[in-house]
Amino acid sequence: MDTYTKRQYLLIGIFCLASVAMIIRLFYIQVIDSSYKISAASNVLRRQINYPARGLVYDRNYKLIVYNQAAYDVLVTPREMKAFDTLSFCRIAGVDKAELVGEIKKARSYSLWKPSAVVKQLSAHRYAALQEQLFKYPGFYIQARTLRQYPATIASHTLGYVGEVDQKKVDEDKYYESGDYIGKSGIEQAYEAELRGVKGISYMMVDVHNRVKGSFEGGKMDTAAVIGKNLISGLHADLQTYGERLLAGKVGSIVAIEPATGEIMIMASSPSFDPGMFVGRERTKNYLTLLNDPLKPMLNRAITSSYPPGSTFKLADAIIGLEEGLLGPEIRYSCSGPRTTPIKCTHNHETPLPLVSAIRESCNSYFFQAFRAIINKYPTTEEGFEAWRNHLMDLGIGHRIGADLTAENAGNVSKGTYFDRLYGKNHWNVMTIRSFSIGQGELLLTPLQLANMVSIIANKGYYISPHMVRSIQNYDHTERVLSFEKHVTQANPYLFQVIADGMEKVVDGGTAKIAKVEGIAICGKTGTIQNPHGAAHSAFVAYAPKEDPKIAICVYVENGVWGARYAAPIASLIIEKYLNDSIAPKRKPLEASMLSADLISAMHLTGGD
Amino acid sequence: MKSQNNIFLNIDWITILLYLVLVLMGWINIYAAVYSDEHQSILDIGQQYGKQMIWICAGIFLAVCVLIVDSKFYVAFAYHIYVLILFLLVAVLFLGREVNGARAWFEVGGVALQPAELAKFATSLAVAKYMSQFGFKMARTKSYIVLGTMMLLPALLILLQNDTGSALVFAVFFLVFYREGLPDVILIGGFTAIILFILALLWTQLQILILLIVVSLVLLIFLRQRFKDGIIGFVLVLLIYGILFGLKNLIGFDATPFQLMVLTSVLSVLAFIVYGLKNHIRQAWFVLLFFIFSIAITLSVNYFYSNILISHQRDRVDNLLGIKNDLRGAGWNVHQSKIAIGSGGIVGKGFLKGTQTKYNFVPEQSTDFIFCTVGEEWGFLGTTVVIFLFLTLLIRMIYLAERQRSTFSRIYGYSVACILFFHIVINVSMTIGLAPVIGIPLPFFSYGGSSLWSFTVLLFIFIKLDASRTKNLR
């Protein structure tokens, strides 16, 4: 008789217990713990980003100034890599072996399974060579991207550049991922949202060897890439080129605005650089070279530097005087020439003189008296100064005026409280701040603000926020014209006629005779700015033609000795070129001397400061 | 009687139905595991699923052959078959083809044959024959020696082939012996050894020693049915430890807490011996034996672990116990297998929709890790159904075994149930990280002719024996 029959139940018990244990475990990993589902997705799903082409940039005449060229990144998936002939790879790709090995090491430490870029921005030529040989290098892939190209190397500062997005931006904005490109300055930065388009994302399924096996869920979750929109800028490519040529060899800037629209036609800063330097594999090296250049070629002097305006500021004095009713066609102030106190006048002219003559002669004495009259019109100096300062703000001075400019400087017009701190409340008066009247002292303007101030005169009392881009091209090639704010000043339009008359006389026999162009009524004003560090700066503001103004311009040449020496001729040449399409033979020698003038080398020869 | 001669009349159709369902499910899952768009036909014999179909057909043919043969044949030739298979196991060492470092395969006309698979039913037959002879008693030294040898011979030969997984299967015969009268102590001792092995790897020696002391004293209470003895024991141990600790601080000799504990246990054991002798407590000897046996196992674990286990086996154990977490290396298989099964969710991704298995993230997905495909494509429902079907089959085996008049049939039936049980539990457990990776197939599911045929023969011999249960077999 079998005495151990009961033991069958123990065995059945063991079987059941083991089964229950397995089922509990399965319940845990299949139903409760969701981490396995995530791991499974990351195993098989690869996000592939399709980068759209960035929008193009045209000038005001639809001339292409920024376009794209295909470039190729070489990606590597370390896990799939096999031993390969590094030397021949480096020869084809044109990279340094040590650099490649370093990049592969980095890729390896990032992920064995996910591709990372080891050679960036390969040229089309090298791409073609590598593509043919790629089968020899398992684990290597090529990803197409677009790079910025510039048909003419102009307007580098204004156009800006595109670079890899920084970590801060990646954290802030979900659109960007490490390695994406983003506009870093200028138009590229200001219109990033329009230019970049929309990245396309497709999900691919891959096997254990990272080989693509097909799209995920039939591509339901994929999004198509949308190319960036094109921009029509207000820049005038030919004038910009001409302006940059004229500035060559000098430190300074040119800003030209179309008064009626506020479109910036020229924004040049010298010394400059080739915008192509920020594209391609050499960009880091180039960036450092530019950064370390003592002349700061990356600085956009037209909007980032601010200078004392000098005598060009007398135009602002005139406008404010007219607005306050203290100046008028018939109101004269006297001038005793070099003996005048507190500010002497070096010019030899009639006295007492009207506003027109005062502008033509740039009479210090006249404008000081006008300034004094404005300040003293109010019960206290503080109130007078505040009123004067508010007028300046209306004229777009002392604050940023650009609508789409990056890195714009606000300039500086000190507040009354500044003088309170400096001298004590009620311990300063119009005498203390007299140098404001001749555009010196605690007064700093950007060349853009000066050009804009001239625009106001040209427009007889208003300006439109200066901007780089006129319109955005839709995909159907229609244009969406951008609208910008119109700022109207307090002054009566007819008052500007007096200033215009004076400015016309500046060119027509006044301080800027050299800027006279036959057949064009140019209204201008020179400025010579005392510079404690060396030769005085040369400034000139102008608009033309007098009736129906087409261009308002400011030229500022550092160490240009005096206003009429460089700034006025350069401005007049640009105006002539723009309105007449060519330079009159009579003025060719002037053009030649401006083009060849080299203040930078001269400065270095004399030992800088 | 006529009915006795008709083999198909007494056949247990429930078992055969379960067999067919499992084999069919296995085939479908192999198809899903290796499915690719290029080869869509499940009948494509260039692919594993096409071949598996042929193996299944051949398996059914074998099953019919097994059923046709007179049941007396298996009893009469049990030893002959066993010896023949042992011979094959030796021969394969010299003549076999080496695959993945294991010399375990004969290749006959394009079909690979693995003698290790055949050894399972051969050993079952031999064990059943030996244990069913007249006058056999389990609790006898001679029985232990003979049965032990029967188990160990094929296991050792398979070990020589470098197929540790298949060798370990033979350990499951202990369960069969237990049913036939193996003392409880040995089974309990076995489980204790397994638990101690795991603890020895996870805990420090001090922790284990404390645990053993506590367990021993609890055991004493349990055996003596007297609470007092246990309390005295606890107080004694604490007292000795306290004195030693005090001495250490007073005299200032150097001793780690572990050394102190060892000294405590030695003194306690001595006190225990004196106490036991004086009061003639029989149970004390048993507890003492347990304590010393446990200490011995714990101490031998380290040796076994570092000298007998091969490095990759050590890695698998380490990964299972979480001592190491090397997901790219030794832990890769299990990690990917868990991902595949875990990603299935409640109802699974659907037939042929499994991405982890289809794109080869799980290695050996059609053989040892076929359960991953079940888990990924059919989810928790699928895995539960499969486990439930297997459990039903196992319980059915025991039910059938218990209704045998012949001891031979019963023992053989238990052998079948236990062998299947070991395979199922170890295979499924390793895919879900409950057991170390031991490369043994999931019965009826895993791809491969050898394993399918050997399980078919193993099972159908029992069905045949059951069909002729009215005859007296010996």
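This structure is a prediction, so every number in the text was calculated from the model and none was measured.
In this structure, chain B has no heavy atom under 4.5 Å from any part of A:Ile38. Neither the backbone nor the side chain of B:Lys353 comes within contact range of chain A, judged by heavy atoms closer than 4.5 Å. Heavy atoms closer than 4.5 Å to chain A are found nowhere in B:Ala401, neither backbone nor side chain.
Near-neighbour residues of residues 184-192 of chain B relative to chain A, defined by a heavy atom under 4.5 Å from a heavy atom of that chain, comprise B:Asp184, B:Leu187. Heavy-atom proximity under 4.5 angstrom to chain A picks out B:Ile387, B:Leu391 from residues 385-392 of chain B. At a heavy-atom cut-off of under 4.5 Å, chain B is reached by no residue from residues 100-107 of chain A.
The main-chain N or O of B:Ile432 is found under 3.5 Å from a side-chain atom of A:Arg25 such that the two form a donor-acceptor pair. With hydrogens and angles ignored, the 3.5 Å screen pairs no side-chain donor or acceptor of A:Lys229 with any backbone N or O of A:Tyr475. Without hydrogens or angle criteria, B:Ser143 side chain to B:Ala139 main chain gives no donor-acceptor distance under 3.5 Å. Of the possible donor and acceptor atoms, none in the side chain of B:Glu180 sits under 3.5 Å from a partner among the backbone N and O of B:Val176. A donor-acceptor pair under 3.5 Å links the side-chain atoms of A:Tyr175 to the main chain of A:Lys199, judged by distance alone.
Comparing A:Leu26, A:Ile29, A:Val31 by heavy-atom pairs within less than 4.5 Å of chain B, the highest count is held by A:Leu26. Of the residues considered (B:Thr431, B:Thr384, B:Val362, B:Ile341), B:Ile341 shows the highest number of contacts with chain A, using heavy-atom pairs under 4.5 Å.
No side-chain heavy atom of B:Phe455 sits less than 4.5 Å from a side-chain heavy atom of B:Leu22.
Using the six-membered ring where Trp is involved, B:Phe173 and B:Phe170 have ring planes that are parallel, under 30° apart on the 30 and 60° scheme. Under the 30°/60° scheme for interplanar angles, the aromatic rings of A:Phe140 and A:Tyr137 are found to stand perpendicular.
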Under 3.5 Å, side-chain donor or acceptor atoms of residues 418-430 of chain B against the rest of the protein: list the pairs with distances, not counting sequence neighbours.
| from | atom 1 | to | atom 2 | distance (Å) |
| --- | --- | --- | --- | --- |
| B:His423 | ND1 | B:Pro441 | O | 3.1 |
| B:His423 | NE2 | B:Lys120 | NZ | 2.9 |
| B:Asn427 | ND2 | B:Asp368 | O | 3.0 |
| B:Asn427 | ND2 | B:Ile440 | O | 2.8 |
| B:Ser429 | OG | B:Val425 | O | 2.6 |

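Taking the charged nitrogens against the carboxylate oxygens, A:Asp180 and A:Arg196 have no contact shorter than 4.0 Å, which rules out a salt bridge.
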key: Residue pair B:Arg469, B:Asp466: steps toward the salt bridge (Lys or Arg N to Asp or Glu O under 4.0 Å) verdict   = CA-CA 5 Å; B:Arg469 62 186 174 275; B:Asp466 174 63; 3.4 Å; yes
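Checking each of B:Lys349, B:Lys338, B:Gln356 against B:Ser343 for a side chain to side chain donor-acceptor pair (under 3.5 Å) leaves exactly one that passes, namely B:Lys349.
Between the CZ atom in B:Phe371 and the CD atom in B:Glu376 there is a gap of 13.0 Å [rounded to 0.5 Å].
Other residues, nucleotides and ligands place no more than 12 heavy atoms under 6.0 Å from the NZ atom of A:Lys120.
Relative to the six-membered ring of A:Tyr72, A:Arg126 misses at least one condition, a distance below 6.0 Å or an angle of at most 45° to the axis.
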